[in-house]
Amino acid sequence: DSGVTQTPKHLITATGQRVTLRCSPRSGDLSVYWYQQSLDQGLQFLIQYYNGEERAKGNILERFSAQQFPDLHSELNLSSLELGDSALYFCASSSPFRLTDTQYFGPGTRLTVL
Amino acid sequence: AQTVTQSQPEMSVQEAETVTLSCTYDTSENNYYLFWYKQPPSRQMILVIRQEAYKQQNATENRFSVNFQKAAKSFSLKISDSQLGDTAMYFCAFMKQRNAGGTSYGKLTFGQGTILTVHP
């Protein structure tokens with residue numbers, strides 16, 4: 001158990017809908033990262049937050065947004081869903097003070113868009 | 001931009017034997033970290049081992065060790081005394097070292113992965 005939690009584990013929805021994925025980082029970690037794992041694109045970095053502020057952005061679609069709240073949990077919002085958004089979405093967290101910047105992953109949320 | 005290449009889509013090994021997974025990367029950075037992550041059938045991403053580029057000594061974690069060749073931009077993972085529980089997809093990953101300001105660059109760049117099967 002990495003200490004990173006993600007909810008829900010599975011999500012099935014229809015095209016055009018909007019969903020929210022939630023992540024709680026390990027205790028004491030200030031950074032949260034989101035990754036998407038799909039068969040055709042592999043593992044791709046989406047976005048990073050550090051202590052509530054956006055720090056780095058990857059291949060994140062404009063239909064996707066994220067935020068990190070004062071209690072450090074993070075949410076990834078996916079809207080106008082398309083079939084191609086079906087993937088495993090991982091959240092990871094890290095600390096600049098313990099094993100510097102090593103990212104520990106949550107169990108992932110499997111999103112299926114029908 | 002950084003790229004990470006794992007040229008072995010699949011590998012297999014007998015239980016108790018040794019196997020080496022290959023990884024090469026391309027970067028113009030001098031300070032960075034390299035990682036191996038394991039993804040078993042449960043799909044959880046598990047950190048196996050980490051290497052700081054400034055360290056010449058190769059990292060080891062129990063049965064797992066790396067051969068880090070900075071000039072050749074090569075970072076292979078050796079698994080000794082393979083166990084059935086080592087069956088998983090293994091990902092090599094690169095991350096730039098954070099700046100002096102304190103917050104990390106964050107982005108892990110992953111290779112395509114190598115599926116390792118350990119046979120009894």
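Side-chain atoms are counted along with the backbone in the values below, which use heavy atoms only and exclude waters and symmetry mates. Residue numbers begin at 1 in each chain, while the letters A, B, ... track the order of the sequences.
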B:Gln39 and A:Leu43: side chain to side chain contact (heavy atoms under 4.5 Å, CB included), yes or no, with the steps? CA-CA 12 Å; B:Gln39 187 176 40; A:Leu43 263 162; 5.5 Å; no
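Under the 4.5 Å side-chain heavy-atom criterion for ILVMFWY residues, no single connected hydrophobic cluster contains both B:Met95 and B:Tyr32. Cluster annotation: B:Phe64 is connected to B:Phe94 through the hydrophobic network of ILVMFWY side chains, with a link wherever side-chain heavy atoms come within less than 4.5 Å. Note on A:Tyr33: it does not cluster hydrophobically with A:Leu46, by side-chain heavy-atom contacts below 4.5 Å among ILVMFWY residues. Linking ILVMFWY side-chain heavy atoms closer than 4.5 Å, directly or via other members, places B:Met89 and B:Val13 in two distinct hydrophobic clusters. Note: the hydrophobic cluster containing B:Phe75 also contains B:Val19 (ILVMFWY, side chain heavy atoms under 4.5 Å, direct or indirect links).
In terms of heavy atoms, B:Arg43 sits closest to A:Phe90 at O-CZ, 3.1 Å.
Annotation: residues 108-120 of chain B contacts chain A through B:Leu108, B:Phe110 [non-hydrogen atoms, separation under 4.5 Å].
In terms of non-hydrogen atom pairs under 4.5 Å with chain B, the most contact-rich of A:Gly106, A:Gly108, A:Ala92 is A:Gly106.
Remark: A:Asp71 CG is packed, more than 12 non-hydrogen atoms of other residues, nucleotides or ligands lying under 6.0 Å away. Within 6.0 Å of atom CG in A:Leu39, 12 or fewer heavy atoms from other residues, nucleotides or ligands are found, so the atom counts as exposed in its surroundings. Enclosure of atom NZ in B:Lys70 by more than 12 non-hydrogen atoms of other residues, nucleotides or ligands within 6.0 angstrom is indicated.
For the atom pair NZ (B:Lys107) and CD (A:Gln103), the distance works out to 12.0 Å, reported to the nearest 0.5 Å.
A distance-only check finds a donor-acceptor pair linking the side chain of B:Gln44 to the backbone of A:Phe105 [under 3.5 Å].
The part of A:Gln37 that comes within reach of chain B is its side chain, from C-beta onward, which places non-hydrogen atoms under 4.5 angstrom from that chain.
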